[in-house]
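Every value quoted in this text rests on a predicted model; they were computed, and no experiment measured them. Residue numbers begin at 1 in each chain, while the letters A, B, ... track the order of the sequences. As a basis for the values below, the full set of heavy atoms in this structure was taken, side chains included, without hydrogen atoms, waters or symmetry mates.
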There are 2 protein chains.
Amino acid sequence: MDKQEQILKAALKLFVEFGFHGTPTSRIAQEAGVSNGTLFHYYKTKDELVVALYIYIKSNLAACMSGNRPAGETIKATFKREFIATLYWAKENPMEFRFTQQFLSSPYLSMISIDEIKKQTKHFFDLMQEAIDARVLKPLPLDLLFTLLSSHISGINQYLITSNLDAAKEQELIQTSFDLVWDMIT
Amino acid sequence: MDKQEQILKAALKLFVEFGFHGTPTSRIAQEAGVSNGTLFHYYKTKDELVVALYIYIKSNLAACMSGNRPAGETIKATFKREFIATLYWAKENPMEFRFTQQFLSSPYLSMISIDEIKKQTKHFFDLMQEAIDARVLKPLPLDLLFTLLSSHISGINQYLITSNLDAAKEQELIQTSFDLVWDMIT
DNA sequence: ATTTTTGTGGAGTGATTAGTCAATCTTTAA
DNA sequence: TTAAAGATTGACTAATCACTCCACAAAAAT
């Protein structure tokens with residue numbers, strides 16, 4: 001019954017369907033089952049709500065990934081596990097995935113502090129640096145590797161969403177798409 | 001002095017800077033140096049303007065690419081030429097590139113007819129089909145290949161924009177990034 | 001028990017916005 | 001030359017929106 005969360009959930013749904021511009025705060029409040037005043041009690045402005053939603057979603061994703069790297073796991077296995085986990089997360093949270101894409105290619109992006117972005121990507125940058133030091137990955141700039149990987153993932157995901165494969169085919173694609181990108185960067 | 005074009009140019013600039021929601025039609029008209037009425041004379045609604053702008057940009061890009069496939073050019077060379085042309089177009093037209101990304105991940109996307117999308121991508125799908133028939137490309141679904149290539153391109157471009165490389169490094173990256181993706185799909 | 005803080009509602013407001021309209025100007029066609 | 005069609009203007013409007021305000025309720029702190 002956390003009203004803050006209800007508001008975020010409602011905002012997510014409406015933003016994905018109608019865009020940022022197409023969803024009035026009043027409808028968000030309505031969908032969340034709270035009053036207009038309550039919404040503005042928690043989020044001083046609509047922009048603040050949008051940014052809060054982005055950070056909320058990102059930390060959800062991060063929570064899915066971090067924490068449990070098995071001891072002795074090879075670097076490749078770690079990459080594969082996280083690659084696949086990200087794909088599954090996106091598959092199971094299509095609204096969150098779409099919102100993130102929408103947010104990242106909108107002017108809202110500039111409202112997020114660089115520190116916040118660094119914080120979110122640090123885990124992954126560390127992993128890539130480790131892989132380069134161990135001569136597993138090609139010694140490309142980290143930013144480039146990151147961009148290549150994430151655009152690959154979002155591309156695959158876009159495909160998974162639009163073409164409805166059965167579970168087996170989907171499984172297969174996820175596996176092979178990892179191999180494709182892994183060969184590319186090693 | 002084509003007022004329609006002035007309107008589209010102004011809209012592009014403002015949309016990229018402030019987003020669809022953040023730019024009133026009145027400001028577009030102002031920036032374009034025409035009256036409010038003129039804008040609505042050419043575009044019945046704001047949505048229609050947004051869609052028209054997308055189609056306008058896409059046909060600009062298409063004009064950069066099509067038409068001049070040299071006789072006897074190998075399939076790989078064709079892919080490479082078009083890959084590089086796309087990257088250069090995006091590099092030289094950053095606003096158009098950003099707008100396209102923003103548009104594609106917004107609900108406006110659904111306002112475009114499937115025919116329009118097919119028309120835009122037909123050239124490329126034909127090329128890929130030819131490459132598969134010639135056993136050059138892996139026999140993956142065309143949609144998947146398309147998604148992989150375009151997400152790779154937009155990833156590389158994002159990197160080119162954010163990290164300001166000098167011309168030589170940039171040239172090098174463009175070449176190697178093609179090889180990377182080519183190896184992936186062949 | 002009493003005060004203070006925090007959460008909640010919802011009517012209200014001023015500013016803004018997409019879109020209209022009638023009047024003028026420009027071009028084209030006969 | 002004249003008429004018709006199209007282009008252009010900018011004031012105008014009805015609706016909408018982000019956000020405020022104040023009253024009250026619940027919980028926490030004293």
Quick one: is A:T25 getting a side-chain N or O under 4.0 Å of the D:dC17 phosphate, OP1 or OP2? no
Between D:dC17 (C1') and B:F20 (CZ): distance, integer Å: 20 Å
Evaluate the ring planes of A:W182 and A:F79, with Trp represented by its six-membered ring, and classify them as parallel (under 30°), tilted (30 to 60°) or perpendicular (over 60°). tilted
Expressed in angstrom and rounded to an integer, what is the separation of A:I28 atom CD1 from D:dC19 atom C1'? 13 Å
Testing the 3.5 Å rule here: is there a donor-acceptor pair between the side chains of A:S105 and B:Q102? no
Out of B:F178, B:W89, B:F124, which one pairs with B:F83 under the ring pair (Phe, Tyr, Trp, His ring centres under 6.0 Å) rule? B:F178
Does A:H41 put a side-chain nitrogen or oxygen below 4.0 Å from OP1 or OP2 of C:dG7? yes
Output the rounded distance in Å from CZ (B:F40) to P (D:dC12). 18 Å
Taking atom P of D:dC17 as reference, at what distance in whole Å does atom CZ of A:R27 sit? 9 Å
Find the distance A:L39:CG to D:dC17:C1' and express it as a whole number of Å. 13 Å
Taking the minimum atom-to-atom distance to the side chain of A:N36, which one of C:dG19, D:dC19, C:dG9 wins? D:dC19
Toward the 5' end of DNA chain D, which comes first, A:G37 or A:G22, by nearest nucleotide? A:G22
To the closest 0.5 Å, what do you measure between CG (B:L180) and CD1 (B:I185)? 11.5 Å
note: B:E48, atom CD; C:dA18, atom P; distance rounded to Å ~ 15 Å
If only side-chain N and O atoms of B:K3 are considered, is one of them under 4.0 Å from the OP1 or OP2 phosphate oxygen of D:dT9? yes
Please state how far atom CD in B:Q6 lies from atom P in D:dT8, giving the value in whole angstrom units. 9 Å
Whether B:Y42 contacts D:dT8 is assessed here as follows: a side-chain N or O lying under 4.0 Å from the phosphate OP1 or OP2. Is that the case? yes
Does D:dT8 have OP1 or OP2 under 4.0 Å away from a side-chain N or O of B:T38? no
Whole-Å distance between D:dT20 P and A:K46 NZ? 15 Å
Under 3.5 Å side-chain donor-acceptor pair for A:S154 and A:S151: no
Tell me whether the side-chain N/O atoms of B:S35 come closer than 4.0 Å to OP1 or OP2 in D:dT9. yes
